[in-house]
Every structure is written in C-alpha cells, then in structure tokens.
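Scroll down for the structure; my scribbles are underneath it.
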Amino acid sequence: MWFSFWRSRDRFSLDELRYLTNQLQKVQIVNDVNKDFVIEALRSIAELLTYGDQHDSSFFEFFMEKQVMGEFVRILNISRTVTVSLQLLQTISILIQNLRREHAIYYMFSNEHVNYLITYSFDFRNEELLSYYISFLRAISGKLNKNTISLLVKTQDEEVVSFPLYVEAIRFAFHEESMVRTAVRAITLNVYHVGDEFVNKFIASAPQSDYFSNLVSFFRDQCINLSKLFSERPKNPCSESVSAILAKVDEIEDNLYYFSDVISAGIPVVGSLITDNILQLLILPLLFPALQIDADSNLKIGAVTSLYLLCCILRIVKIKDLANTIAAALLYPLETFAANSEVKINGYVSGNNCTNESEEPLVDSVTLVNAGKLCVDIPNKATSSQVHPGGIIAERDFSCSHLSLRETLLSYVTDGDDARALGSLSVLATLLQTKGNNDEVCVTNLFSIAIFLMNIYIVELDESMLDGIGILPQRKQHKKLLLQALVGEGSGEEQLFSFESGSARDSFSSELDGYLKKLKIQCLLSTDVDKKEQYGVFIGGAAASPRIHRNQVLDALVKLLCRSDISTEILWDGGWLLRQLLPYSEAEFKSHHLKLLKDSYRNCRSALVQETKGIWVDLLITVLCDQWKKCKRAIEASSPRKEPKCILLPFQKLNSEDIPAESSFTAGERMSELVKVFVLLHQLQIFSLGRALTEQPPIQPQIDIPEISRARAAGLDVSGPKPGTEKIGHLLAIEISHTLILVTAIAVHALPCRIAFERGKERHFHFLAVSVGTLGWVLLAEELPLKQNYGMVRVAAPLAGTNPRIDDKHARWLHLRIRPSTLPFLDAPKSGTPGETRIKSLVDGRWTLAFRDDESCKTALSMILEEINLQNMEVERRLKPVLDLELLGPPVPRFSAILGLTSYS
C-alpha cells in the first residue's frame, strides 16, 4: 500500500482525492509506522479541496458524499501521536479559512463534527498543539454569521443552552501566552459582532457572564503590576525598567481597547457588565482611594498610576454612563472611597519613598466604623510577624479625606510634583475632551448660530457634569444663553449680558443629581446611617454650585502658571486647559486672577530682558519665534499634546549630571525654559483681551549692516563668516599689519595673537570681534601670503557668552569662554518614546589668547565688549514690541468675543 501511494498521478485531480480518501479509510490505527503517510494524506486533502473550491465543485461533492469529515474525526480517535492531531487541526483550519462557497461552510459546521473537535480532550500541555487549536477556533469564528452560528449552538425551548466554540475559547482568555489571549479576544469579538439575540442572551447569562468580571479582575491585576513597576523605577532607573513599564502600558491599553470593542458590539447587557465591573472592581475601590494626598504605601495602586489609568479609561472606553459616573464621583469626599478600599496595616511599609506607589497588600476587608477612622479586619497569616493569630484591627486617620476628589486633583495642580500635576491636568482635559469640538465654526447669521448651538450639544458626556466639576468652557455657556435669547426664553438674554447674576443662580442639574445618587448607592453601602445622611446633605448643600467650582479650577490653573518649581511642558498643558475655560474679556476674570497672571508675566518679562545681555542672546529671538509657533499650536489644539503614558514616563530633562551650574549649557536650558513660560503667559494675555494670535511674535525686522561698523569694513554680509575657507574659498578683508587701513572712516583692527589648541602646538592668528545684527563672532584668521592685508578665516566662534577676562598675572593674556554655536535640545527629535529622551550636552571651550603687548590685549577686550554691546542693543530693539504688552490695545468688545468675531460690526 505504501509503495502505491507514491505512484505517478495527476496531483490536482478527483482521482487523487478519491485515492487519498480510500487510503485513509483503510487505516485502523495511527502509530509511528504510518503517521507520516497519514499526515501527508491530510495535508494533501486540504490542498485538493481548496483547489476544488476555486475550480471544480465536484471535489467538495465527493468530500461530502464520502463523509470525509467523519473520517477526520475517526483518525483523531485512533491516533497515538500528537503530530497527527497537529496536522488534523491545521487541515481543518485551512479548509475553513479557504472555502468560499457558502454551502461548503454550512456542511463543515453541520453534523456536529466541528463541535466534537472543539470539545475533544487534547493534551494542551503541548504548547504547539494549543497554538494550532486556538488557530482552529479562530478560523471557525471568522466564518460566523447569523446563519452559520446556529449550526454551532444547541438550543432548548428557543434558548441557547450550549455554545462550545465560545465556552472553550474563553477557557484560555487569561493564558500566560499573550498570543493566545489575543486570539481568544478575536474569537469573542467575532461572536459578539454576529448580533444573534439568542447567543447574546447566552453570553450574558451565568456562568458565561463571569468572563467579564474575570476580565476586569485580570485587568486590575495588570494595573497593580504596573504600579509596582513604577514604584521600583526610582531604585532602578535603567532603560530596562522603562521598557518594562512601556510593555505593561501597552498591555493595559490593549485591554482597554478590547473593552471598547466588546462594548461597541452593541450588546447592552454586556456593556453594563463591563462598565459596572470596571467601577466596582477597579475605579471605586482602588483608583479613587489612591488619590489621597496623605497616602503612604498602604494602597495597591499609587496616585500617579491611578491618574494615568483614569485618563486611559476615559479616553479609550468611551461610554457615556462610565464617564458621567467618574465625573460625578469627583464631587464626593475621598473618605467615601477610602472607606471601601483595601489597605494594609500600619507598620507594613514597602520601602517606596516619593512615588507613593504601593506593593502587594496584606489585607482583604475594610469597614468604616466611625468618622475619620478606618478599621481593617486582617485574616491570620502565619508568615507575618506583625499579625497575631486572633486578627488585628488597624486604624488609619484620614487627615485630608474631607477634600473631594475634584479638590484633590486641583491641589495636585497647585502643589503636586510634575507627575501628579500632569496627571491631574490630563484627567480634567480628558473629561473635557469627551465633548465634541464643533464650536470652532464661522457663523454669519442668527439662523446658522442657532443651528450651530443646537448641534454642539450632541455629546457623550453631559454638559451638566462638566459644569458641575467646573470645566465647562465658558463659550459653551455663552452660546447656550445666546440660543435661549434667540428663541425667546426669558432668562437667556438677562444672563447673557449679566454675568454676575446669571452664573450665580446655577445649580446642579437633574442629570448630575441622578449620578450622585447612583454613586451614593454604590459607594456607601458599607458606611453607617449617619455617614449616608451626611453625604446626602453634601449632594444638595453649599458645594452644589457650578460657578464656585469653576472659579476653583481657574484659581488652580492660574496658580499653576505662577509656579516656578514645575516643568514648562506642564505649564503649557495647564495653558491649554485654561485656554478652553478662558473668559472672553478681562471684565469676566476675577481681579486676583488678572493680578496673578500679570504679575507673573511682568516677572517673566523682566527675566527675559536680562537674557538680552545673557550668554545666548544671539539665539534668543530664534528660540522665541520657534516657541511662539509651538505654543500657539499647543494651546489652540483641539486636544492636549501628550498621551497618557507621559504621566508615568514624562520626557526627562537633558542628562546634565556632570555639567557645572555656571556652564553655557545650563544657561541655555534656563533661557529656553524662560522663553517657553514667557510665550505662554504672553499668549494667554492676548487671549484674555479677546484677540487672535498672530503666526509670528511682534518683532522688529532686521536692519542692514551699518556703513560704519567692523562687520562692513571687514566685508561681511548678514550671513556672517564661514570657517573652513580653504574649501569654500571665502575671503575676509581684515588688517593684518601694524598699519591702519581706513575703510569708510573706521579703522578695522586685526590683532596678532598666539593660541595653542593642542598641547605644545602653538599657532599664530589675527584676532577680530564683529557683530552683524543679533549675531556676533570672534574670528581667528591667517594671513594670505600672496594677498597682503587679507586673511583667511580659520576659526569662528560665537561672540555671546565669551566672558572676556585679562589674566591677573599676565597682562597680555586674554581668557575667553567659547560656548557651542547652538543648543542641542533645539534640534532634538520631535517625537520619541517617553522616558527615553537622551541628548548629549556640549562642553564649553576655553581659549587663552596671547597678544604682543598689554595694550593689544586691552584693545581686544574693548573690541569684544563693544561688539557684544551692539549685539545686545539690537536684540533689545527687535524684541521691544513683544515686551510691551500695552501695544496690544484695549480688549475686544464682549459680544464680538462671544460670537468668535473680531468686531461687533
């Protein structure tokens, strides 16, 4: 039989298929002797049927007639080797994936053969077999529709009672291998998107519904692991720890996208299951309690990780009910959630310091027994020296628990470190971004205004939620009142033109009140009656004032912009959020807001004026123009610039551990940061006046080189000198003799000097300092032998920051500091992985020039100081318009600002 198998035959023919089928039917047992033949026969049959499906329908008709699927099942049952099982799964997977004819798929799924293979007891200790099995399930799920899915389920009384494909797939939903988990998720999504009513009911009923709670529990464990990685990073700040955090971040975001995909399948019960489990297993017991200001290491998840996770959940799982619930929860005191969280006993400290990210907890149950105290029932653990056999009651005082979550976020903005401030801003911005951004529209008549204003309220997050937590953009409020005035509602016009009386009467809407009551039921089940009554009073009490909350947010943002201990990148994020909330005229700002912003602006402006005499004066205008465009783009953007992962791994500052504080590199960083803050505050001042930003800052244009100047006499143009003239052939006309050459009534002095760039290799040059507008250089040139009184530039260095100084002991020696010609971070990559930014710093050079006599040395010093002064004066002249805020003029009329127009007419 084995020799006849290899005889010559048309490979793609019905005879070949018939022959292979006959040979398989003769096999009574599969062992090591004949397994190779069986494997080859199975592979060849799959190939022939795929060919026949595309070219000859008789192939599959023969397959059905001979019931070859039954033969496959029989072969599996008599097989003693795993390789045959592998080939059989692969063969059927190939058939299902490649069969295009609908009746072929119907046949494959009928007769229970596929369900038998799905439920067959394979030995999944073999990883390769598991991989083939999961691929087999995925191939089946890819062919599911409302017709084929009925062939794979069992029903009773018009209800699905068995669905092996789904049940067996979710058994591997939490497998340690990520590829298996990914495949299982693809299978489940294929099932959900079929949209079969009876299957959906089966999926949402117990015990299948446990899959969704287990899914959220698995996700919660990943979040706890991320927090642990983040807390360990300060102890091990290497690239491996960053990679581990980023890998875990990718897993977490993949999970959230899967949640979003499941919910988008449109099964209401499943969406509610996921949303409720996210709230009850993660957000309420873990993420919210982690935001306590006085939290130590008692919680499973730290504050920074909690802020990151809240941002991700809001950005990715875009569910109105979930977003509204989170927004409403921000109005509750932290104690509400801390009372239901899991904490560790006092005395157990993970060793973490400033991160407040916790390690694994020791406690399981928590009960609030009296105001301000938390009692924890701790089960007996024999391995813990801190736990007595009878159990321990540990108390923890919530000194800051009276603050609401919203107030806690604002306290992080005003007083928190970079990570917490950025995280809090990101949470508020993400909540704001759940709304539509349709308001940037040009409106030309009252009818279009009315239609436009009605359209912007089709959003995911209720505006009452944003108003309740104080982040509803004021343009939304004004446009809503304008719409009311246009349609003739009595209070609309009054409130629109009477800000003080209008907003003060605002109160929480019925939508927000409904979510507050829902949270009261969900979160206060473990508290006593007095506490419930207290929170009931809280809901309807003095805290229920959107205007107060809005002013608190504005207070926090203005204070953030006045902070000097925070990254400028975070200030820009705060500027973006303030821009969204910014009133349309100074009259609508609180007086103390205006004072703080203007004082901060004036201080920053004064510091910028000092930079016109600084080390990097020649780059000051370039940096300001560049940052102006970037800042304008950032604060006018429809969404924040940063992804949530930047909360965990913000872009680090340049690696300057070995750079002295007085170096030009440090001064350059300081100048760049100052310019960023100045530009932000300046643009916010423009916005507060109701004016539009220009594409470029208001800077005076560059002027031509004066006729009477060293630069003109030396033959320089505005581009300046070009070192390395041997290659580019640029000549510089300078005096290199002792006689004076008069050029347009000015003597250009090129002073002979000596300098050694390498030890023991002294070179002779002629020295000259020149400035061209805002630029300046110190030049070293060599005399041209064939052209008297002309020299070739060999070295050109920036004039700014040279800090010239005559040596105390040698009056002919002039010391210069030579800084780099540019700042390396100005040319840094525009994109990169958070936490991995590394820019090599440059070290300042030191020149010591030896002149022929004391007088020449003093002349060189005077020349440098004179050209530096000219350079500084030109920078001040060009920057004068941008430094004078009064040149902007009066605020735009208020009504025009509300409509987004430039003038009332």
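By convention here, the first residue in the shown sequence is residue 1. Just so it is clear, the values below take in all heavy atoms, side chains as well, and ignore hydrogens, waters and symmetry mates.
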Do the side chain of Ser424 and the main chain of Arg420 share a donor and acceptor less than 3.5 angstrom apart?
yes
Where the side chain of Arg605 meets the backbone of Leu883, is there a donor-acceptor pair that is under 3.5 Å apart?
yes
Please, which pairs that meet salt bridge (charged side-chain N to carboxylate O under 4.0 Å, His left out) have at least one residue in residues 613-622, sequence neighbours excluded?
Lys613-Glu876, Asp618-Arg819
Of all heavy-atom pairs between Thr414 and Ala556, which one has the smallest distance, and what is that distance?
CG2-CA, 3.5 Å
Worked check of side chain to side chain contact (heavy atoms under 4.5 Å, CB included) between Leu608 and Leu620:
CA-CA 9 Å; Leu608 190 66; Leu620 184 58; 3.9 Å; yes
Note, Val770 side chain near Leu799 side chain (heavy atom, < 4.5 Å):
no
Has Thr859 got a side-chain atom pairing as donor or acceptor with Glu855's backbone, closer than 3.5 angstrom?
yes
Sidechain N-carboxylate O distance under 4.0 Å for Arg877, Glu874
yes
Ring pair (Phe, Tyr, Trp, His ring centres under 6.0 Å) filter on Trp628, not counting sequence neighbours, yields His682
Here the pair of heavy atoms bringing His815 nearest to Ile806 is CD2-C, 4.5 Å
Leu422/Lys642 under side chain to side chain contact (heavy atoms under 4.5 Å, CB included): CA gap, chis, key distance, verdict
CA-CA 10 Å; Leu422 177 58; Lys642 295 184 177 64; 4.2 Å; yes
If every non-hydrogen atom of Gln580 is compared with every non-hydrogen atom of Ile635, which pair is closest and at what distance?
NE2-O, 4.0 Å
So does Glu669 get a backbone contact from the side chain of Ser672, meaning a donor-acceptor N/O pair under 3.5 Å?
no
Side-chain contact test, heavy atoms from C-beta onward, threshold under 4.5 Å: evaluate it for Val795 versus Ile755 and give yes or no.
no
Side-chain donor/acceptor of Arg812 to backbone N/O of Ala850, under 3.5 Å:
no
Do Ser606 and Asn603 have side-chain N/O donor and acceptor atoms under 3.5 Å apart?
no
Relative to each other, are the rings of Trp813 and His810 parallel, tilted or perpendicular (30° and 60° limits)?
parallel
Whether Arg579 engages the ring of Phe687 as a cation-pi pair (distance to the six-membered ring centre under 6.0 angstrom, angle to the ring normal within 45°) should be assessed.
yes
Within the 4.5 Å heavy-atom criterion, are Ser426 and Leu307 side-chain neighbours or not?
no
Pair Asp626 + Lys630: basic N to acidic O under 4.0 Å
yes
Look at the side chain of Ser600 and the backbone N and O of Leu597, then say whether any donor-acceptor pair between them is shorter than 3.5 Å.
no
Give a yes or no on whether Glu643 atom CD has more than 12 heavy-atom contacts from other residues, nucleotides or ligands under 6.0 Å away.
no
Does the pair Lys235/Glu232 count as a salt bridge with the N-to-O cut at 4.0 Å?
no
Given salt bridge (charged side-chain N to carboxylate O under 4.0 Å, His left out), test Lys676 with Glu673 step by step and report yes or no.
CA-CA 5 Å; Lys676 288 180 182 180; Glu673 295 292 290; 3.7 Å; yes
Looking only at non-hydrogen atoms, find the nearest pair between Ala750 and His766 and report the distance.
O-CD2, 3.8 Å
Please identify each residue that fulfils side-chain hydrogen bond (donor to acceptor under 3.5 Å, both in side chains) with Gln871, with sequence neighbours left out.
none
Given the rule in the side chain to side chain contact (heavy atoms under 4.5 Å, CB included) test, do Leu751 and Met863 qualify, once you have shown the distances and angles that lead to the verdict?
CA-CA 10 Å; Leu751 304 172; Met863 184 190 306; 4.2 Å; yes
Less than 4.0 angstrom from a charged side-chain N to a carboxylate O is my criterion; do Lys809 and Asp807 meet it?
no
If you compare all heavy atoms of Val679 against all heavy atoms of Gln627, which two are closest, and at what distance to 0.1 Å?
CG1-O, 3.8 Å
Shortest non-hydrogen separation from Leu561 to Leu571 and the atoms involved
CD2-O, 3.7 Å
Taking atom types as modelled, find out whether Ser663 and Asp844 have a side-chain donor-acceptor pair closer than 3.5 angstrom.
no
